[in-house]
Amino acid sequence: MPDNQRIALDRTDEALLQALQRDGRMSTADLARAVSLSPSATADRLRRLVDSGVITGYTATVSAAALGYSITAFVRLAYPSGNYKPLHDLLDVTPEIVEAHHVTGDDCFIIKVLARSMTDLERLTGRIATRGSITTNVVYSSPLTGRNLAPA
C-alpha cells in the first residue's frame with residue numbers, strides 16, 4: 001500500500017488498536033469483550049487490520065538496561081555519497097544499532113545506538129565514523145519512549 005493512502009477505520013477498529021497497543025498479548029476473547037464483539041468478528045477484524053498493513057507485527061518490549069546496555073546515544077551521520085550500500089552493510093552487522101533513519105538537513109542519517117559502556121560507545125561510533133562525519137548525543141533520560149498511535 002502506498003504511504004499516502006490511509007485505511008478507513010471505524011471506532012471498533014480504533015478500540016482494537018488501542019487495546020493491542022496497551023497489551024499485545026491479549027487473547028482474541030479478551031479483545032472481543034473489550035470492544036463488545038464476538039470472538040469470530042474480532043478475529044476477522046484483526047485479520048483485516050493485518051492484511052491491510054495497519055498492524056505490522058507483534059513484539060515484546062525488552063529492557064536494554066536489563067540486557068546490559070546502559071548507554072543510549074543518537075549518532076548523526078553526514079554521509080558523503082549516494083551509495084548507501086556500505087552503510088547498509090554496517091547496519092546489518094552491528095546489532096547495537098537499533099534504529100537508523102534517513103533524514104533531511106545537514107546530516108543524512110540519525111542512528112540510535114545502545115552501548116554497554118563509554119568504551120563500547122567509542123568503538124561503535126568509531127565504526128560509524130568510517131562512513132562519514134558524525135555527531136554523537138548521549139541520552140541522559142527518556143521521559144517518553146513510545147506513544148500509542150491513533151489514526152491521523
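Along the sequence shown, the residues carry numbers beginning at 1. Because the structure is a prediction, the values reported are computed rather than measured.
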**OP:** Check the pair E96, R127 against salt bridge (charged side-chain N to carboxylate O under 4.0 Å, His left out), reporting the backbone distance first and the verdict last.
**Re:** CA-CA 11 Å; E96 298 93 343; R127 290 183 73 191; 5.4 Å; no
Subject >> CA sep, side-chain torsions, deciding dist, call: I7, L49, side chain to side chain contact (heavy atoms under 4.5 Å, CB included) >> reply: CA-CA 9 Å; I7 301 295; L49 290 168; 5.5 Å; no
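Residues I110 and L121 do not share a hydrophobic cluster, clusters being chains of Ile/Leu/Val/Met/Phe/Trp/Tyr side chains in contact below 4.5 Å. Taken together through direct or relayed side-chain contacts under 4.5 Å among Ile, Leu, Val, Met, Phe, Trp and Tyr, L114 and V75 form parts of separate hydrophobic clusters. In the hydrophobic clustering of this structure, L9 groups with V50; members are Ile, Leu, Val, Met, Phe, Trp, Tyr whose side-chain heavy atoms approach within less than 4.5 Å, directly or through other members. Cluster annotation: L87 and V93 are assigned to distinct hydrophobic clusters (Ile/Leu/Val/Met/Phe/Trp/Tyr, side-chain heavy-atom contacts under 4.5 Å, transitive). Hydrophobic clustering, with ILVMFWY side chains joined whenever heavy atoms are under 4.5 angstrom apart, groups V35 together with Y58.
Here the CZ-CG distance, from R25 to L20, works out to 13.0 Å after rounding to the nearest 0.5 Å. Atom-to-atom distance recorded for L90:CG and I111:CD1 is 7.5 Å, nearest 0.5 angstrom. Atom CD in Q21 sits 12.0 Å away from atom CG in D23 (nearest 0.5 Å). Taking OG1 of T12 as the reference point, atom CG of L37 lies at 5.5 Å (rounded to 0.5 Å). Annotation: the span from S38 atom OG to D44 atom CG amounts to 8.0 Å, rounded to 0.5 Å. Annotation: the span from T125 atom OG1 to M118 atom CE amounts to 8.5 Å, rounded to 0.5 Å.
By the 4.5 Å heavy-atom criterion applied to side chains, D10 and R45 are counted as neighbours. In this structure the side chain of I97 reaches within 4.5 angstrom of the side chain of I128, judged on heavy atoms. The shortest distance between side-chain heavy atoms of I55 and L17 falls below 4.5 Å.
Here the shortest heavy-atom pairing between P80 and G132 reads CD-CA, 4.0 Å. Residues L31 and A19 come closest through the heavy atom pair CD2-CB, 3.7 Å.
Enclosure of atom CG in D106 is not indicated, since only 12 or fewer non-hydrogen atoms of other residues, nucleotides or ligands lie within 6.0 angstrom.
With sequence neighbours excluded, the residues that form a side chain to side chain contact (heavy atoms under 4.5 Å, CB included) with L144 are R147.
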Listed pairs under 3.5 Å, donor-acceptor, residues 134-142 side chains, sequence neighbours left out:
residue: N137; atom: OD1; partner: R76; partner atom: NH1; Å: 2.8

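Pairs passing the side-chain hydrogen bond (donor to acceptor under 3.5 Å, both in side chains) check and including a residue from residues 60-75, sequence neighbours excluded, read Y69-R116.
Comment: D51 does not engage R48 in a salt bridge, judged by the lack of any side-chain N to carboxylate O separation of less than 4.0 angstrom. A salt bridge between D89 and R131 is absent, with no side-chain N of the basic residue lying under 4.0 Å from a carboxylate O of the acidic one.
The aromatic rings of H102 and F109 sit parallel to each other, their planes meeting at less than 30°, with 60° as the upper class boundary.
Listed for the T94 side chain is no donor-acceptor partner under 3.5 Å among the backbone atoms of L91. Proximity of a side-chain donor or acceptor of Q18 to a complementary backbone N or O of L149 within less than 3.5 Å is detected.
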